[in-house]
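To start, the structure itself, in structure tokens.
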Amino acid sequence: MTPAPRQSSVQRSLASIVLGFELVVIFLATLVIAFGPGAVLPPWVMLTVGGIVCLLAIATMGLLRHRWAYALGWGVQAVVVLSGFFNPAMFFIGALFVAMWAYCMITGARLDRQKTLS
């Protein structure tokens, strides 16, 4: 017997795409915050924190099969926005990612509902 194919979720796909792009931005922002002008903390501290946030984003992408992982994704969005206190440009970039995340959550859920009804 072959196992039943796993039901694909549009919301999960969109969420992993946003988190994947955000992962690149988090990595690059960590470098700018750690070594850029006006660095507040030692670079090793910022690199450690940035690495933890990168790992959190990667873990969230892997856990999206669980409903609670979407709340974790909102947490990643909050951390990216809050990084604006270290580099003010991250407030704008974080707001863009929050908007993309919200759009993907709303649209993905709607498309998944339509897919189950048909």
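Any value given below was found using the heavy atoms of this structure, including those in side chains, with hydrogens, waters and symmetry copies removed.
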Query raised in the report: Do Ile17 and Val10 share a hydrophobic cluster, counting only Ile, Leu, Val, Met, Phe, Trp and Tyr and linking them when any side-chain heavy atoms are less than 4.5 Å apart?
Result: no

Query - Residues forming a ring-ring contact (aromatic ring centres under 6.0 Å, His included) with Trp68, sequence neighbours excluded - result: His66

Query - Side chains of Ser8 and Lys115 in contact at under 4.5 Å (non-hydrogen atoms) - result: yes

Requested in this report: Find the distance between CG (Leu111) and OG (Ser9) and round it off to the nearest 0.5 Å.
Outcome: 9.5 Å

Query raised in the report: Are Leu23 and Leu19 close enough that some pair of their side-chain heavy atoms sits under 4.5 Å apart?
Result: no

Requested in this report: Give the cluster check for Leu82 versus Val25: same hydrophobic cluster or not, with ILVMFWY residues linked at side-chain heavy-atom distances below 4.5 Å.
Outcome: yes

Side-chain donor/acceptor pairs under 3.5 Å, residues 34-62, sequence neighbours excluded:
residue : atom : partner : partner atom : Å
Thr48   : OG1  : Trp44   : O            : 2.7
Thr60   : OG1  : Leu56   : O            : 2.7

Query raised in the report: Phe21, Val79: one ILVMFWY side-chain cluster at the under-4.5 Å cut-off?
Result: yes

Would you mind writing out the side-chain donor-acceptor pairs for residues 95-105 within the sub-3.5 Å range, not counting sequence neighbours?
none

**Report entry** Summary of side chain to side chain donor-acceptor pair (under 3.5 Å) pairs that have at least one residue in residues 72-81, sequence neighbours excluded
**Finding:** Glu22-Gln77

Counting only pairs under 3.5 Å, give me each side-chain donor-acceptor contact of residues 83-93, with atom names and distances, residues two or more places apart or in other chains.
residue : atom : partner : partner atom : Å
Ser83   : OG   : Val80   : O            : 2.5
Asn87   : OD1  : Ala89   : N            : 3.3

Requested in this report: Measure the spacing between CZ of Arg12 and OH of Tyr70 and express it to the nearest 0.5 Å.
Outcome: 5.5 Å

